[in-house]
Amino acid sequence: MLDIQFIRDNADLVQEKSKQKGYEVDIQQLLGFDKERRELIGKVEELRQQRNELTAQTKGVKPSDEQIAKGRELRDKVTDFEHKLAAIEKEYEVLLKTVPNMSLSDVPIGKSEDENQEVKKQGEPTKFDFEPKSHAEIAEAKGWIDKERAAKVAGSRFAYLKGDLVKLQFAIIQFTIDKLTDTEFLDAIIKENNLQVSNKPFTPVLPPYMIRTEVYDAMDRLEPREDRYKLDQDDVWLQGSAEHVLGSMHMREGIDDKDLPVRYLGYATSFRREAGSYGKDTEGIFRMHQFDKLEMESITDENTGLDEHKLLVAIQEKLMQELKIPYRLLEKCTADIGKPNAKGMDIDAWLPGQNQYRETHTADYMTDYQSRRMNLLYSKGLAHTNDATAFALGRTMIAIIENYQTAEGNVNVPEVLQAYIGGKTQI
RNA sequence: GGAAGGGUGUCCGAGUGGUCGAAGGAAACGGUCUUGAAAACCGUCGUGCCAGCAAUGGUACCGUGGGUUCGAAUCCCACCCCUUCCGCCA
């Protein structure tokens, strides 16, 4: 959430920025509650002070009847005002939590994802001297994807992945872990992009897949709930991204300067109900209820947060370049960056089988907004957090299958992955 | 699933209903001593909120919520969480 003091001082700006993101919040109403709340706090504390003074007089000695009567009167008054305060405070907090994070000034203003701005195109769309197939056609012919049996067992939007596709996934995972734990790899990227950040390697993490309601809400990623899986028996949710369980890992902790940046590379199977997407992306493995991702997560300070964001994007680009997959880079507009985020980038891979660019990775920068809700502090203040997908494995495999397909319906293995898949050049 | 124990400040850990924002220790920071370091000694050492330009003052916080009381870390109730043992199990 935003700092109330900041909102008081910049009411018009916050109102405007919220509107740009598409959020209907009434800042004046919020400030009204804030004013009322502060008046009541003054009243309550004044009464408490009187009570404390009275109590101090009777320390160690038996209070007189008069003092007890006075004490009773004060107690009743305090209780009365405390109830009034609690009611106002509740409304105040609900409203405060609906205020989205402010976008940075260079984020383009837009009403939907259609207004995201392309900032870069890398590589030419792959050309074939035959009609390219979609990943679904190739993979189903190969026996790599079986959605029919998955539907029988688990329902729609699930799949069995089999054979060489599984090998390919594990190859990508191992390749990525090797790269992100390699200081030299990071050094090269940092130098190339002229970033003022540490070359500290990422720590690989296998996180829990479940998350408590309270923590999910503090991450500001619980909504929309219709898109989350809930395990009622235990009052926990299945995480919808490794971000949810990695970003919250240090909740309610203080972090020393010397430990910054904190960098994690998490691998997790994630779960989304994909509510509202019925009939969309039904081909292949575009939009599964369950999908695997490698996620980068870092905690920094105010000074290095933005460069860290640039680093994560640069890493994503580098990985795509090493796989030799054409992509474009989009600067997300205000409507698309998401409530807790201050800035965001998308990487869309070129998919010949779809004849279009499709979102493959995303990177979000969060400033201290989220830290405020999680009470995440470092020794000089509130931490800034960054989240970015290193590889959404399903989407990456779609991109590999479609870009590396042969006329015979096989798939060449990207050079950098060959060592991880037993030296095979084609699957 | 059965049984037991426990949640106090950065950490460990004490705490008869008023003298407890809280002993003691450790860590950290500053200093003395030392060529330097260690040790020793001295000092500092929680957070939120409200008011204030500030100094500062006030208030709250001992898992969470409620209750008893003139007064609660301390008593009562409910809940949450953690740990250990047994059982089951990849």
Side-chain angles (χ1 to χ4, degrees), chain A residues 1-10 30-97 99 206-219 222 230-238 245 248-260 262 267-269 290 299 301 368-383:
Chain A
M1 67 182 110
L2 289 176
D3 182 11
I4 186 63
Q5 187 62 52
F6 181 85
I7 298 176
R8 281 177 207 144
D9 296 343
N10 303 276
L30 172 65
L31 291 179
F33 283 132
D34 178 46
K35 184 159 177 277
E36 214 174 325
R37 169 181 153 267
R38 285 195 285 170
E39 282 165 5
L40 281 167
I41 287 173
K43 202 79 190 155
V44 166
E45 296 198 342
E46 189 190 318
L47 287 165
R48 281 176 180 161
Q49 185 177 359
Q50 286 176 30
R51 186 187 61 188
N52 287 345
E53 280 166 3
L54 178 71
T55 311
Q57 286 169 24
T58 63
K59 248 179 207 169
V61 296
K62 242 199 171 101
S64 66
D65 288 350
E66 201 183 316
Q67 284 170 323
I68 288 177
K70 178 73 183 158
R72 280 207 181 112
E73 190 195 324
L74 282 171
R75 180 190 63 194
D76 293 343
K77 271 193 191 166
V78 168
T79 308
D80 184 38
F81 278 104
E82 277 174 346
H83 286 317
K84 282 182 188 157
L85 176 62
I88 289 292
E89 213 139 48
K90 199 173 168 188
E91 299 203 60
Y92 160 81
E93 265 164 34
V94 166
L95 209 51
L96 180 60
K97 275 162 76 169
V99 181
L206 293 174
Y209 288 8
M210 295 184 199
I211 180 166
R212 297 182 204 279
T213 302
E214 176 203 357
V215 179
Y216 220 168
D217 189 43
M219 278 295 291
L222 180 56
K230 174 91 184 282
L231 302 177
D232 276 324
Q233 200 179 347
D234 298 285
D235 193 30
V236 291
W237 306 72
L238 287 172
V245 280
S248 50
M249 198 171 163
H250 290 280
M251 185 176 181
R252 284 188 227 104
E253 281 182 31
I255 298 173
D256 280 343
D257 285 2
K258 63 174 165 54
D259 295 325
L260 294 180
V262 173
Y267 170 77
T269 300
Q290 172 192 321
I299 302 172
D301 60 24
D368 67 7
Y369 172 91
Q370 204 180 50
S371 299
R372 212 169 269 286
R373 298 190 65 175
M374 293 193 297
N375 272 323
L376 176 63
L377 298 137
Y378 80 108
S379 59
K380 285 178 188 154
L382 288 153

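Predicted model, so just to flag it, every value in this text is computed and none were measured. Each chain gets a letter, A, B and so on, in the order its sequence line appears, and its residues count up from 1.
For A:Arg75, there are no side chain to side chain donor-acceptor pair (under 3.5 Å) partners at least two apart in sequence or on another chain. A:Asp259 is linked by a salt bridge (Lys or Arg N to Asp or Glu O under 4.0 Å) to nothing, counting only residues two or more places apart in sequence or in another chain. Residues forming a salt bridge (Lys or Arg N to Asp or Glu O under 4.0 Å) with A:Glu93 (at least two apart in sequence, or on another chain): none. Every residue was checked against the side chain to side chain donor-acceptor pair (under 3.5 Å) condition with A:Gln50, not counting sequence neighbours, and none meets it. Annotation: side-chain contact (heavy atoms from CB on, under 4.5 Å) contacts of A:Gln290 (sequence neighbours excluded): A:Phe158, A:Thr269, A:Phe271. Listed by chain and number, the residues in a side-chain contact (heavy atoms from CB on, under 4.5 Å) with A:Asp217 are A:Lys97, A:Leu222, A:Arg373 (sequence neighbours excluded). For the side-chain contact (heavy atoms from CB on, under 4.5 Å) test, residues two or more places apart in sequence or in another chain that qualify with A:Val236 are A:Met210, A:Leu231, A:Asp234.
Look at the P atom in both B:rA39 and B:rG30: the space between them is 15 Å, to the nearest Å. Nucleotides B:rG13 and B:rG25 are separated by 8 Å at their C1' atoms, to the nearest Å. Of the C1' atoms belonging to B:rC75 and B:rU68, the separation is 8 Å, rounded to the nearest Å. Taking atom C1' in both B:rC88 and B:rG7, one finds a spacing of 28 Å when rounded to whole Å. Comparing the same atom, C1', in B:rG17 and in B:rG67 gives a spacing of 15 Å after rounding to whole Å. As rounded to the nearest Å, B:rU19 and B:rA23 have P atoms that lie 13 Å from one another. Taking atom C1' on both nucleotides, B:rU32 is separated from B:rU10 by 26 Å, rounded to a whole Å. Using P as the reference atom, B:rG66 and B:rA72 are 14 Å apart when rounded to the nearest Å.
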Return one dot-bracket line describing RNA chain B 5' to 3' (Watson-Crick or G-U wobble pairs, both distances under 3.5 Å; ( ) same strand, [ ] crossing, | another strand, . none). ((((((((.[[[..)..(.....]]].(((((.......))))).((((((....)))))).[[[[[..)....]]]]])))))))....
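Scanning both residues, A:Ser371 and A:Ala383, for their nearest heavy atoms gives OG-O, 2.5 Å. Here the closest non-hydrogen pair linking A:Tyr267 and A:Pro207 is O-CD, 3.2 Å. Of all non-hydrogen atoms in A:Val262 and A:His250, the two that sit nearest each other are CG1-NE2, 4.0 Å. A:Leu54 and A:Leu74 get closest at one heavy-atom pair: CD2-CD1, 4.3 Å.
Nearer to the 5' terminus of RNA chain B, by closest-nucleotide assignment, is the contact made by A:Arg372 (compared with the other of A:Arg372 and A:Glu53).
The CG atom of A:Asp259 sits 16 Å away from the P atom of B:rU10 (whole-angstrom rounding). For A:Glu39 and B:rC49, the CD to P distance is 19 Å, given to the nearest whole Å. When rounded to the nearest whole Å, the span between CD of A:Gln50 and P of B:rU59 equals 11 Å. To the nearest angstrom, C1' of B:rC49 lies 14 Å from CD of A:Glu82. To the nearest angstrom, C1' of B:rA60 lies 16 Å from CG of A:Leu40.
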Quick one: side chains of residues 30-39 of chain A, donor-acceptor pairs under 3.5 Å with protein atoms, not counting sequence neighbours, listed by atom name and distance.
from, atom 1, to, atom 2, distance (Å)
A:Asp34, OD1, A:Arg8, NH2, 3.1
A:Asp34, OD1, A:Arg37, NH1, 2.8
A:Asp34, OD2, A:Arg8, NE, 2.6
A:Asp34, OD2, A:Arg8, NH2, 3.4
A:Arg37, NE, A:Glu89, OE2, 3.1

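Residues A:Glu91 and A:Leu95 have side chains not in contact (no heavy-atom distance under 4.5 Å, counting atoms from C-beta outward).
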In B/S/- notation (B base, S sugar-phosphate only, - none; protein heavy atoms under 4.0 Å), nucleotides 61-73 of chain B written 5' to 3' is ---------BS--
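A:Asn52 has a side-chain polar atom (N or O) that falls below the 4.0 Å cut-off from OP1 or OP2 of B:rA60.
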Could you write out each protein N or O paired with an N or O of nucleotides 50-54 of chain B at a distance under 3.5 Å?
from, atom 1, to, atom 2, distance (Å)
B:rC50, OP1, A:Arg8, NH2, 3.0
B:rA51, OP1, A:Arg38, NH1, 2.7

Can you give me the N/O atom pairs linking the protein to nucleotides 80-84 of chain B at distances under 3.5 Å, or say none if there are none?
from, atom 1, to, atom 2, distance (Å)
B:rC81, O3', A:Arg212, NH2, 3.1
B:rC82, OP1, A:Arg212, NH2, 3.3

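Note that OG1 of A:Thr79 and NZ of A:Lys77 are 12.0 Å apart. Values are rounded to the nearest 0.5 Å.
The pair A:Asp76-A:Arg72 does not meet the salt-bridge criterion, since no charged nitrogen lies less than 4.0 angstrom from a carboxylate oxygen.
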